[in-house]
Amino acid sequence: MSMRNELRGPRQNTDDWYKYMQQGANAIHKENPDFLVIVSGLYYDTNLGFLKENPLPLQKNLDNKLVYEAHWYTFGTGADKWDAQTNNLCAAVAKIARDNYIFLTAGENPFPLFLSEFGIDQRGTNEAENRYISCLLAVVAEIDIDWALWTFQGSYILREGTLDLEEVYGVMDLNWDGPRNPQYLDRLQILRQKNQEVESKNPNYYIMFHPQSGKCAHIYKYGDIILANCETATRWEQHQDGGPIKLAGGSARCLTVAADGGAASVSGDCSSKWKIVSSSGLHLAAQDGKGKYLCLEMNASDNSTIVTKKCLCVGDDLRDFPTCSDNPQGQWFKLVPANVD
């Protein structure tokens, strides 16, 4: 049971938050000790950062039934900023999320975190949201938390005085005949599948996720690499920044950089040293035979083949440009940890 959705307004404060969240959680637990007690934060459920200094004293009373929740949108950040500073802005919003609630999943005493709202205008016309969602998917896939999408309904009988008001964030279309944007739902595949099991005895491996497409890297014919279903993605060893990216399972084969525009491949040549570049932490770059850094990229001509090309929005020194008119999302990749067979 969740307590008080999206606290907000000038009267919100941490003293009242601690007082009433404790009272509410204890009341729920007393009524039914089998319930999970879901605790939301301040500022529209975007801030639980104050728990770093003063944890909510409920752990023993609730017998490990406590779950924190958070909401993550890009409201208030215009498309002009996302267009001009995609890498930097992704880094900034990811840091805010980690500082304000994702930190709860780590450390000596981690807690379950439920991302209970996120979403975009599913018509695909809001460029700020189109770029934000790729950033969010990369961050959330890495920690494999539970989530809920805003929202299911495609329209309202009556809302804000309007009959049949369309809900453009809705999974269903205006008339509830089917999904508004099936491609968007496909991008959520890696979040829908379980990647990490707490009690798993399997060794860790990594899958290479491309958030813009929602697909993952697979070895194809002749060692070329394509983007396809994440459930059966190729497995990789843990990557050390500046080192080779090796196949999992003790294989001697590695990810190999190609010439500019050429197809990346897997081969016995492990001389390609891959760096995580850009402030987003989502570009993977290695030097070609001429010493020039090239980044992995989804080939725009088929939206499938992974090629290596000049890094977008990043200079030869691998630093971000202050502003950039290119869209770097095609070059965003995330090595996501997993341990589930």
Side-chain angles (χ1 to χ4, degrees), residues 36 38 67-72 90 94 97-98 101-102 104-106 110-120 122 130 132-152 169-172 178-220 225-239 245-249 255 266 281-282 284 296 298 303-304 306 329-330 332-341:
L36 292 176
I38 302 176
V67 178
Y68 288 105
E69 68 173 324
H71 295 176
W72 188 355
C90 177
R98 292 186 179 104
Y101 41 87
I102 291 176
L104 289 162
T105 65
F111 286 92
L113 177 66
F114 175 37
L115 186 63
S116 55
E117 279 191 33
F118 71 95
I120 62 170
Q122 293 192 36
N130 294 340
Y132 130 85
I133 198 65
S134 292
C135 183
L136 179 149
L137 291 175
V139 173
V140 174
E142 182 178 25
I143 54 176
D144 198 29
I145 58 174
D146 288 329
W147 53 276
L149 185 67
W150 181 268
T151 184
F152 180 77
Y169 280 60
V171 169
M172 303 303 289
R180 179 186 305 276
N181 188 340
Q183 184 180 10
Y184 172 60
L185 299 181
D186 288 343
R187 292 179 66 188
L188 305 179
Q189 179 197 341
I190 196 168
L191 302 190
R192 296 201 302 266
Q193 69 189 43
K194 178 183 284 189
N195 298 311
Q196 300 173 40
E197 177 61 59
V198 174
E199 298 181 354
S200 174
K201 297 181 180 179
N202 299 321
N204 286 336
Y205 59 88
Y206 290 77
I207 52 182
M208 188 178 293
F209 174 53
H210 183 255
Q212 186 186 38
S213 66
K215 298 178 180 180
C216 294
H218 287 245
I219 299 176
Y220 192 53
I225 307 173
I226 63 169
L227 292 169
N229 191 298
C230 288
E231 289 185 353
T232 55
T234 294
R235 299 180 179 187
W236 309 87
E237 295 284 358
Q238 184 174 10
H239 169 243
I245 298 179
K246 297 181 178 180
L247 290 178
L255 180 63
V266 169
L282 297 175
L284 285 168
L296 295 179
M298 179 182 70
N303 291 330
S304 175
I306 298 179
Q329 289 183 94
W332 282 1
F333 289 85
K334 184 71 175 183
L335 286 164
V336 173
N339 61 15
V340 177
D341 282 336

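Source: prediction; values computed, not measured.
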Listed by chain and number, what are the ring pair (Phe, Tyr, Trp, His ring centres under 6.0 Å) partners of Phe114, not counting sequence neighbours? none
Separation of Gln212 CD from Leu282 CG (nearest 0.5 Å): 12.0 Å
Are side-chain heavy atoms of Ile145 and Tyr101 found at a separation under 4.5 Å? no
Does any part of the side chain of Leu255, heavy atoms only, come nearer than 4.5 Å to the side chain of Leu296, both counted from C-beta? yes
Quick one: side-chain contact (heavy atoms from CB on, under 4.5 Å) partners of Ala248, sequence neighbours excluded? Tyr205, Arg235, Glu237
Across all chains, not counting sequence neighbours, the side-chain hydrogen bond (donor to acceptor under 3.5 Å, both in side chains) partners of Tyr169 are Glu129
With rounding to the nearest 0.5 Å, note down the distance linking CG in Asp144 to CG in Leu113. 12.0 Å
By salt bridge (charged side-chain N to carboxylate O under 4.0 Å, His left out), Lys334 pairs with (sequence neighbours left out) Glu142
Counterpart residues, side-chain hydrogen bond (donor to acceptor under 3.5 Å, both in side chains), relative to Asn195 (two or more places apart): Gln193
As a quick check of understanding, evaluate side chain to side chain contact (heavy atoms under 4.5 Å, CB included) for Val140 and Phe118, giving each step before the final call. CA-CA 11 Å; Val140 174; Phe118 71 95; over 6 Å; no
Those residues at least two apart in sequence (or on a different chain) that pass side-chain hydrogen bond (donor to acceptor under 3.5 Å, both in side chains) with Gln329 are Ser134, Asn327
With sequence neighbours left out, write down each residue that passes salt bridge (charged side-chain N to carboxylate O under 4.0 Å, His left out) with Arg187, or none if nothing qualifies. none
Mind checking salt bridge (charged side-chain N to carboxylate O under 4.0 Å, His left out) for Glu197 and listing every partner two or more places apart, or none if nothing turns up? Lys194
A side-chain contact here means heavy atoms from C-beta on lying under 4.5 Å apart; do Ile306 and Tyr220 qualify? no
How about Val139 and Arg98: do any of their side-chain heavy atoms sit closer than 4.5 Å? yes
Is any side-chain heavy atom of Tyr68 less than 4.5 Å from a side-chain heavy atom of Ile38? no
Mind checking the CZ-CG spacing from Phe333 to Leu284? Nearest 0.5 Å is all I need. 8.0 Å
Residues forming a side-chain contact (heavy atoms from CB on, under 4.5 Å) with Asn204, sequence neighbours excluded: Asn339
May I ask you to test the Asn303-Leu227 pair for a side-chain heavy-atom distance under 4.5 Å? no
What is the distance from atom NZ of Lys215 to atom CD1 of Ile190, rounded to the nearest 0.5 Å? 13.5 Å
Kindly compute the distance separating CD1 (Ile102) from CG (Leu115), expressed to the nearest 0.5 Å. 8.0 Å
Please identify each residue that fulfils side-chain contact (heavy atoms from CB on, under 4.5 Å) with Leu36, with sequence neighbours left out. Lys65, Val67
Spell out, as yes or no, whether a donor-acceptor pair under 3.5 Å connects the side chain of Tyr132 to the backbone of Trp72. yes
Where do Pro211 and Leu137 come nearest, in terms of heavy atoms and distance? O-CD1, 3.8 Å
Side chain to side chain contact (heavy atoms under 4.5 Å, CB included), that's the test. Do Leu136 and Trp147 meet it? Break it down for me. CA-CA 12 Å; Leu136 179 149; Trp147 53 276; over 6 Å; no
Please round to the nearest 0.5 Å and tell me the distance separating atom CD of Glu117 and atom OG1 of Thr151. 8.0 Å
Taking the side chain as everything from C-beta on, heavy atoms only, tell me whether Leu335 gets closer than 4.5 Å to Gln238. no
Taking only residues two or more places apart in sequence or in another chain, which ones pass side-chain contact (heavy atoms from CB on, under 4.5 Å) with Ala233? Ile207, Cys216, His218
Set of residues satisfying side-chain hydrogen bond (donor to acceptor under 3.5 Å, both in side chains) with respect to Ser213, sequence neighbours excluded: His210
Side chains of His239 and Tyr206, heavy atoms from C-beta outward: is any pair under 4.5 Å? no
